[in-house]
Amino acid sequence: MRYKVAVVGATGAVGREIIKTLAERDFPVQEVVALASGRSAGAEMSFGADAVLKVRDLDRYDFAGTHLALFSPGAAVSAVHAPRAAAAGCLVIDNTSQFRMEPGVPLVVPEVNPQTIAKRPKKGIIANPNCSTIQMVMALKPLHDIATVKRVVVATYQSVSGAGKEAMDELWSQTRGVFVNDPPTPEQFTKPIAFNVIPHIDRFMDDGATKEEWKMAVETRKILDPDIQVVASCVRVPVMIGHGEAVHVEFERPITERQAREALREAPGITVLDTRDDGGYATPIEIAGEDAVFISRLRRDPTVPNGLAFWCVADNLRKGAALNAVQIAEEVHRNGVLAS
């Protein structure tokens, strides 16, 4: 069976990556519809080697007859149009934060909890987790199966592409401006991002954490185990693509470094690159465009019982967003959910 697939937010950084990934992985499409705001209507986008998609106005689009919609337009837009698509019989995979913690909406990383989408959700919506959460739970899952994760302390180093194309443009223009004596004017960020790091992603909450840090905690519990405690510090860094994370994990039971390394090497979607030599670790610039989550610097954490520490890096536009959404689509296709 082939499907009529809509990509909502098609002209954004993640939307473009979704269209690219659908073609690369040869998802069984009958037709792909690129949807965006009215100001982008009429623009043309490539799909695969030969096809050209003409962007259509989301507000005017009728989802009846569309089997699947992959959303990445921003939470406010998804709040309006994702339920409209689901009501028309279209299965929605939403990449925004709008529905992630809503009861009855599965929050899915296919390598971690595919059982949650064995059947069509009643609300017709499946949520894609936050990019920083996806790569962390990918790494935690095989270790949790061995020794049960008790507590996670994580510091993220998140690229500007996580904030969209305009944020990438701001990093580029500010970096260039430094060398021509043009003082940076922050627009997408609260402070200059070029040659700087900003310990602030999303809005501040009452307890002093940012919403990005809150997401990592609550999403990890929903996906992996409700008993896991997570404290995160999320930082924006002047990198175009690729999120890094320094992760410290405390387990309920003993786990050796060797056991962890072997489990990670065997886990789907994980690549261990850790030689303990100069350059024997993964960095964002090297893994941009790659599908895997890379693990390096794996070592014992002697400050807690049953502790391990590691470095985790992934392309936030691919596994952190577009690839994970397409993998969810592949899973529901295999399960016959789309056909039903």
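Ion pairing between a basic and an acidic side chain is recognised when a charged N comes within 4.0 Å of a carboxylate O; Arg261 and Asp274 show such pairing. Taking the charged nitrogens against the carboxylate oxygens, Glu250 and Lys150 do have a contact shorter than 4.0 Å, which makes a salt bridge. Looking at Asp145 and Lys141, a side-chain N of the basic residue comes within less than 4.0 Å of a carboxylate O on the acidic one, giving a salt bridge. The pair Glu212-Arg236 does not meet the salt-bridge criterion, since no charged nitrogen lies less than 4.0 angstrom from a carboxylate oxygen. At a threshold of 4.0 Å, the pair Arg60-Asp57 counts as salt-bridged, since one of the basic side-chain nitrogens sits closer than that to a carboxylate oxygen. Taking the charged nitrogens against the carboxylate oxygens, Lys215 and Asp202 do have a contact shorter than 4.0 Å, which makes a salt bridge. With salt bridges taken as basic N to acidic carboxylate O contacts below 4.0 Å, none links Glu170 and Arg176. Looking at Lys222 and Glu219, no side-chain N of the basic residue comes within less than 4.0 Å of a carboxylate O on the acidic one, giving no salt bridge. The residues Asp291 and Arg318 are annotated as salt-bridged, a charged nitrogen and a carboxylate oxygen being separated by less than 4.0 angstrom.
Between Pro114 and Pro110 the shortest heavy-atom distance is CD-O, 3.1 Å. Here the shortest heavy-atom pairing between Pro73 and Thr96 reads CD-CG2, 3.8 Å. Closest heavy-atom contact between Lys123 and Pro103: NZ-O, 3.0 Å. Closest approach of Ser97 and Ala75 over heavy atoms only: OG-CB, 3.9 Å. The shortest heavy-atom contact between Val14 and Leu317 is CG2-CD2, 4.0 Å.
Counting heavy atoms of neighbouring residues, nucleotides and ligands inside a 6.0 Å radius, atom NZ of Lys165 does not exceed 12 of them. Residue-environment remark: CZ (Arg39) stays at or below the threshold of 12 foreign heavy atoms within 6.0 Å.
Under 3.5 Å, the side chains of Glu111 and Gln327 contain a donor-acceptor pair of N or O atoms. His81 and Asp59 are linked by a side-chain donor-acceptor pair at a separation below 3.5 angstrom, with hydrogens and angles left out of the test. For the residue pair Arg16 and Thr11, no side-chain donor N or O sits within less than 3.5 Å of a side-chain acceptor on the partner. Looking only at atom types and distance, the side chain of Asn316 has a donor-acceptor partner in the side chain of Ser161 under 3.5 Å away. Donor-acceptor pairing under 3.5 Å is lacking for the side chains of Tyr281 and Thr275.
In this structure, the ring of His248 has its center no less than 6.0 angstrom from the ring center of Phe310.
Of the possible polar contacts, one joining the Asn128 side chain to the Ala321 backbone as a donor-acceptor pair under 3.5 Å is found. One N or O on the side chain of Arg299 and one on the backbone of Arg297 form a donor-acceptor pair closer than 3.5 Å. A donor-acceptor pair under 3.5 Å links the side-chain atoms of Thr210 to the main chain of Ile201, judged by distance alone.
Atoms CD1 and OG, from Ile193 and Ser159 in turn, are 10.0 Å apart once rounded to the nearest 0.5 Å.
Annotation: ring pair (Phe, Tyr, Trp, His ring centres under 6.0 Å) contacts of Phe251 (sequence neighbours excluded): none. Residues satisfying the ring pair (Phe, Tyr, Trp, His ring centres under 6.0 Å) criterion with Tyr157, sequence neighbours excluded, are Trp311.
Linking Ile, Leu, Val, Met, Phe, Trp and Tyr whenever their side-chain heavy atoms come within less than 4.5 Å leaves Phe195 and Leu171 in two separate clusters. Linking ILVMFWY residues whenever their side-chain heavy atoms come closer than 4.5 Å, directly or via other members, places Val247 and Met138 in the same cluster. Under the 4.5 Å side-chain heavy-atom criterion for ILVMFWY residues, no single connected hydrophobic cluster contains both Val237 and Ile241. With hydrophobic clusters built from ILVMFWY side chains whose heavy atoms lie under 4.5 angstrom apart, Val92 shares a cluster with Leu58.
Ring-plane geometry between His200 and Phe204 is classed as tilted, the angle between the planes lying from 30 to 60 degrees on a 0 to 90 degree scale.
Results of the side chain to side chain contact (heavy atoms under 4.5 Å, CB included) test with Pro238 over Val197, Val160, Ile198 single out Val197 as the only residue that passes.
The ring-ring contact (aromatic ring centres under 6.0 Å, His included) pairs that include a residue from residues 95-118 number zero, where partners must be two or more places apart or lie in different chains.
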